[in-house]
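Below you'll find the structure, written out as structure tokens, and then a few comments.
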Amino acid sequence: MDSAIVQHLIDNILSAVATEASLLTGVRDAIEDVQHELTRMRSFLIDADKRGASSAGEETSLTQVKNTAYDVEDVIDMFMYHINSHQIGGRFAWFLRRTIYIPETLCVRHKIASKLQKINNTIKTISELNQKYHGEHIERSSSEDSHKWVVRHAESSLFVEEDELVGIKDKRKQLKTWLKDREQQTVISILGMGGSGKTTLVASTYNSDAVKRHFDCYAWITVSQTYDVEDLLRSMIKEFYESRKETNPSDLSSMNYRLLVEMLVSYLEKKSYLLVLDDVWDTNVLDELKVSLRERYPGSKIKNKFWSKSRSKIILTTRKDDVARHPFIGIPYVHHIQLLEPEEAWELFCKKAFLSSPNRSCPPELESFSKKLVGKCQGLPLAIVALGSLMYSKNTSQWNQIYSSLNWDLSKTPELEAVKSILLPSFNDLPYQLKHCFLYCSIFPEDHEIRRKRLIKLWMAEGFVEKVEGSTLEEVADSYLVKLTFRNMLQVVKRNEFGRPQRCKMHDLLRELALSISVKEKFGVAHDGGEEMKECRARRISIHKTDGELKSFTNMSKIRSFLVFNKTLKTLPLGSKMLRVLDLEDAPIDELPDEVFQLFNLRYLNLRGTLLKRLPNSIGRLLNLQTLDIRDTQIMALPRGIGNLQNLRHLIMYRYTWNWNDFRYVNGTNVPSNISRLTNLQSVSAIESNGDLMQQIRGMTQLTRIGISNVKEADEMDLCLSIQNMKLLHYLFIMATNAEETLRMDSLSAPPPMLRMLILVGKLEKVPRWFLSLQRLTNLYLHWSRLEEDLLPYIAALPQLGGLMLVNAYVGKQLCFNTGFLKLTRLGIQNFPQLNEIIIEKGVMPNLKYLNLNSCMELKTVPMGIEYLQNLQELNLQSISMELENRIRNVDFPKVQHIPKIYTW
């Protein structure tokens with residue numbers, strides 16, 4: 001069992017008890033008893049998590065702790081549900097809540113106290129939890145055996161035959177070049193996820209006699225997660241001696257750290273060496289080893305007249321970005337190993353699955369199955385080798401059976417145990433907060449691209465995000481995502497102009513590993529409709545495939561999170577009063593049951609893309625709601641009850657029309673005037689401006705993101721005063737009432753200093769002069785500005801501008817980029833009816849990667865100077881003239897031939 005999952009559960013319970021202490025009158029003694037025991041449980045769990053996997057006895061104790069903690073959570077949540085059902089009902093209900101002697105209230109409190117007392121007795125009889133949670137020593141043989149297996153598996157790569165290697169020829173050639181290069185950094189870090197072939201690549205290079213001849217001595221050390229630095233030093237000394245066929249020192253076993261370092265420094269002082277540190281998990285071991293590995297240059301305190309002209313090299317392999325980039329001995333060179341290309345994956349699979357076939361080729365009758373199986377591995381060499389070995393010697397009927405049933409159940413397929421043994425350490429190494437965040441990603445469908453903003457809001461709603469002084473919860477959650485990508489636990493599939501993750505996904509094998517842990521621990525389950533589930537025992541469930549109804553679910557009372565990834569689901573079998581998360585994005589639901597608005601514990605409600613037309617005033621009962629997403633629904637106005645949601649942090653209300661060439665490509669939503677009461681609101685977009693809204697929002701200085709539509713000329717002063725007060729604002733969207741309304745914002749004398757994204761939709765008489773002060777702006781989008789004044793001189797020097805999108809933003813015939821735009825990576829020019837010439841001077845936009853020209857029919861030639869954009873990766877030409885299309889294929893082709901991708905539409 002993963003004790004960190006239960007530890008988090010206990011943390012949540014203790015936090016809830018502390019937060020709602022004022023409402024626990026009548027059951028306080030029982031709560032305090034349970035709270036005391038839960039605190040002791042937590043200490044036991046922390047110790048268990050540090051020790052790792054252990055005996056069956058400890059597993060049993062942990063299971064009992066988990067079940068008990070779940071029971072406590074259920075009882076407390078039910079009690080809070082009862083209390084809150086009165087709290088949200090107005091003055092009369094408030095009177096009932098405060099009057100604890102009403103018989104109904106007394107009865108409920110008595111029942112709750114009795115249940116808690118039973119639970120408390122159960123806690124005290126869980127075998128004293130190994131002599132009261134800190135008793136007898138528990139054997140760690142299973143953990144140690146697993147560690148030894150991983151080490152043996154890594155070192156076996158040193159003996160892989162040449163003809164078994166696939167997809168590393170070019171990588172090995174490059175690595176050899178780096179090793180022989182005297183100017184190359186001393187340390188070369190090979191970074192990649194578990195099973196990606198890091199060790200195999202390094203081993204095949206290390207075994208090369210041509211490489212070894214370049215150094216006086218060499219050593220291969222497998223570090224792994226469990227290490228003793230003195231043992232590592234002893235191994236290094238032995239390997240260095242043996243590489244020169246010298247006799248090992250006889251007294252190594254009796255030497256302490258200091259003596260071992262002195263010996264190693266003395267031995268390496270006059271030599272160039274090659275050292276491989278395989279499977280490094282933390283930077284501490286590097287810091288402990290570096291003192292013995294520093295080269296002694298001429299002029300240092302240690303004289304070295306034999307200093308080698310051929311400098312020593314260290315190669316380390318790791319799954320963690322922070323380890324790869326650690327300044328171990330100077331700044332390392334980091335090589336991120338890529339997964340195999342489809343043809344390479346196919347070749348490797350055939351080598352394993354068809355070992356006895358002529359030329360190891362796939363029989364025609366198995367080719368279809370084989371390619372589908374290889375596709376499941378997504379280029380991960382370890383998985384391909386394991387699956388190929390599994391399929392070896394199977395007949396056709398067995399292939400069909402295995403393919404139909406294969407779901408990478410690592411616990412039930414012994415042949416795939418190697419995959420689990422390699423991947424599991426990556427999970428075990430995560431801090432407990434990141435473990436929950438990682439497991440949570442597995443309830444998204446296979447290969448699903450997860451939006452960063454959606455994910456961090458879900459993590460917050462689940463209580464996974466710790467409070468950190470000086471940072472918002474959103475910033476802390478964002479750092480969690482970055483850490484998971486640095487550890488190669490999540491794959492980034494889309495980044496913004498500055499490398500920040502926007503969308504990510506899980507590798508299929510890591511997802512299956514996470515799902516197997518989640519199901520076992522009742523953390524979560526992904527239901528694909530493949531089998532009946534009469535009762536969901538997990539705390540979280542996601543629905544992937546159904547026939548439109550969920551008839552198989554009869555008991556949902558334990559559920560805390562319910563997510564739908566099925567566009568045919570029309571009914572909601574809720575059944576749980578304790579839901580924290582309800583995510584119905586894109587489900588064809590046109591009405592919500594009243595039960596939804598009684599979910600006092602709901603933190604996250606995602607209705608994006610549904611068919612809903614209205615929200616009832618009872619939305620105001622969801623007092624704990626943090627996120628409400630109604631983007632792309634038919635809801636045109638919010639009820640007044642929205643003003644009761646004091647914990648609301650994110651209100652997302654865009655309604656896109658998706659016709660980018662029209663003025664109104666997006667619509668806002670009407671909100672009541674009491675929206676200003678939401679003092680915890682961080683982001684709101686887009687609000688339809690009506691009445692005195694501009695005055696109402698003036699006090700919402702805590703906002704970091706706001707969008708306002710239906711803005712009129714007369715709103716200028718109130719709008720600018722409100723925006724100036726929002727010092728934390730980093731996203732601003734303003735849309736005028738219609739295409740003819742002038743968007744006046746000249747009164748904005750001091751724009752928000754943190755502003756990073758600016759979107760202005762509407763006619764501008766001139767370029768706002770405050771553009772010059774947008775020193776942190778990363779993205780600028782001007783839509784239907786129809787400026788007569790040249791915009792470019794006002795934004796060319798903005799130091800952080802990475803994305804620029806101009807739609808019908810200028811009425812002139814020429815755009816001349818003659819200076820600046822040093823960080824611009826994306827440029828879009830769309831719907832410029834009179835534009836007939838684009839000029840790009842040499843040295844301008846040196847980092848541009850994506851250029852999009854759309855609906856510029858008067859443009860007859862490619863931009864003059866496009867040949868200077870040597871970093872341009874993609875040129876998109878949409879709705880262009882025939883003259884331009886012909887010139888690109890003929891006379892202008894030499895100017896664009898350096899661009900890898902050119903698309904015409």
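When a residue number appears, it is its place in the shown sequence, counting from 1.
- F328 approaches L289 most closely through the heavy-atom pair CE1-C, 4.4 Å.
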Walk me through it: do L293 and V265 pass the test side-chain contact (heavy atoms from CB on, under 4.5 Å)? CA-CA 7 Å; L293 298 173; V265 168; over 6 Å; no

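- Side chain of T200 to backbone of G197: no donor-acceptor contact under 3.5 angstrom is found.
- Relative to the six-membered ring of F354, K351 misses at least one condition, a distance below 6.0 Å or an angle of at most 45° to the axis.
- Using a distance-only test at 3.5 Å, with no hydrogens or angles considered, a donor-acceptor pair links the side chain of T177 to the main chain of K173.
- In this structure, D209 does not pair ionically with R213, as no charged nitrogen and carboxylate oxygen lie closer than 4.0 Å.
- Cation-pi geometry between K371 and W346 is met: the NZ or CZ atom falls under 6.0 Å from the ring centre, inside 45° of the normal.
- A donor-acceptor pair is defined here as one N or O able to donate and one able to accept, closer than 3.5 Å; no such pair exists between the side chain of R319 and the backbone of R487.
- The backbone N or O of V285 sits less than 3.5 Å from a side-chain atom of D282, completing a donor-acceptor pair.
- Here the CH2 atom belonging to W220 is positioned 14.5 Å from the OG atom belonging to S243, to the nearest 0.5 angstrom.
- Here Y218 and F240 keep their ring centres 6.0 angstrom or further from each other.
- Residues H507 and Q491 form a side-chain contact, since some pair of their non-hydrogen atoms from C-beta on lies under 4.5 Å apart.
- With a 4.5 Å cut-off on side-chain heavy atoms, L286 and V323 count as touching.
- Taking the ring centroids of H436 and W459, they lie at or beyond the 6.0 Å cut-off.
- With hydrogens and angles disregarded, a donor-acceptor distance shorter than 3.5 Å links the side chain of R452 to the backbone of P501.
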Audit row: L260, S292, side-chain contact (heavy atoms from CB on, under 4.5 Å) steps and yes/no
CA-CA 9 Å; L260 290 167; S292 59; over 6 Å; no

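- A salt bridge does not link D216 to K270: none of the charged side-chain nitrogens sits closer than 4.0 Å to a carboxylate oxygen.
- Between E230 and N256, the side chains place no donor N or O within less than 3.5 Å of an acceptor N or O (distance only, hydrogens not considered).
- Side-chain contact between Y267 and M236 is absent, with no heavy atoms from C-beta onward closer than 4.5 Å.
- H326 contributes no side-chain N or O that, together with a main-chain N or O of I331, makes up a donor-acceptor pair within less than 3.5 Å.
- Put simply, the side chain of I337 does not reach to within 4.5 Å of the side chain of L191, judged on heavy atoms.
- Judged by the 6.0 Å and 45° rule, K505 forms no cation-pi pair with F444.
- In this structure, F464 has its ring center at least 6.0 angstrom away from the ring center of Y480.
- What you find for V493 and C504 is that their closest heavy atoms are CG2-N, 3.9 Å.
- Other residues, nucleotides and ligands contribute more than 12 heavy atoms inside 6.0 Å of the NZ atom of K176.
- A salt bridge is absent between K483 and D322: the closest approach of a Lys/Arg side-chain nitrogen to an acidic carboxylate oxygen does not fall below 4.0 angstrom.
- E262 has a carboxylate O that lies under 4.0 Å from a charged side-chain N of R258, or vice versa, which qualifies the two as a salt bridge.
- Atom CG of L340 is separated from atom SG of C377 by 10.0 Å, given to the nearest 0.5 angstrom.
- Considering OH of Y333 and CD1 of I315, their distance stands at 13.0 Å, rounded to 0.5 Å.
- Put simply, the side chain of K352 does not reach to within 4.5 Å of the side chain of I384, judged on heavy atoms.
- Rounding to the nearest 0.5 Å places OG1 of T485 at 6.0 Å from CZ of R495.
- Between the side chain of E344 and the main chain of E341, a donor-acceptor pair closer than 3.5 Å is present.
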- Query: Please walk me through it: do D279 and T222 pass side-chain hydrogen bond (donor to acceptor under 3.5 Å, both in side chains)?
  - Reply: CA-CA 6 Å; D279 200 21; T222 301; over 6 Å; no

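- For the pair N248/I237, no side-chain contact is recorded, criterion being any heavy-atom separation below 4.5 Å from C-beta on.
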For side-chain contact (heavy atoms from CB on, under 4.5 Å), just list the numbers for L179 and H214, CA-CA rounded to whole Å, side-chain angles, deciding distance to a tenth of an Å, and then say yes or no.
-> CA-CA 9 Å; L179 291 175; H214 204 63; 5.9 Å; no

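- Between A514 and L439, the closest heavy-atom pair is O-CD2, 3.5 Å.
- A distance of 11.5 Å separates NE2 of H335 from OG of S189, quoted to the nearest 0.5 Å.
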Show the numbers, then the answer: is there a side-chain contact (heavy atoms from CB on, under 4.5 Å) between F215 and V211?
CA-CA 7 Å; F215 301 93; V211 170; 4.2 Å; yes

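- Side chains of I314 and L274 form no contact here, defined as non-hydrogen atoms less than 4.5 Å apart.
- Judged purely by atom type and a 3.5 angstrom limit, T318 uses its side chain to pair as donor or acceptor with the backbone of V280.
- Formation of a donor-acceptor pair under 3.5 Å by the Y257 side chain with backbone atoms of E288 is found in this model.
- Here the closest non-hydrogen pair linking V476 and S471 is CG2-CB, 3.9 Å.
- Closest of all the heavy-atom pairs between S370 and C362 is OG-SG, 3.6 Å.
- If you take CE on M193 and CG on L339, they are separated by 6.5 Å, rounding to the nearest 0.5 Å.
- With hydrogens and angles ignored, the 3.5 Å screen pairs no side-chain donor or acceptor of S266 with any backbone N or O of M263.
- Aromatic ring pairs are classed by plane angle as parallel below 30°, tilted from 30° to 60° and perpendicular above 60°; the pair F427 and F438 is tilted.
- Looking at heavy atoms from C-beta onward, S208 lies out of side-chain contact with T205 at the 4.5 angstrom threshold.
- More than 12 heavy atoms of other residues, nucleotides or ligands shown are found within 6.0 angstrom of NZ on K212.
- Across K271 and S312, no two heavy atoms sit closer than the pair O-OG, 3.8 Å.
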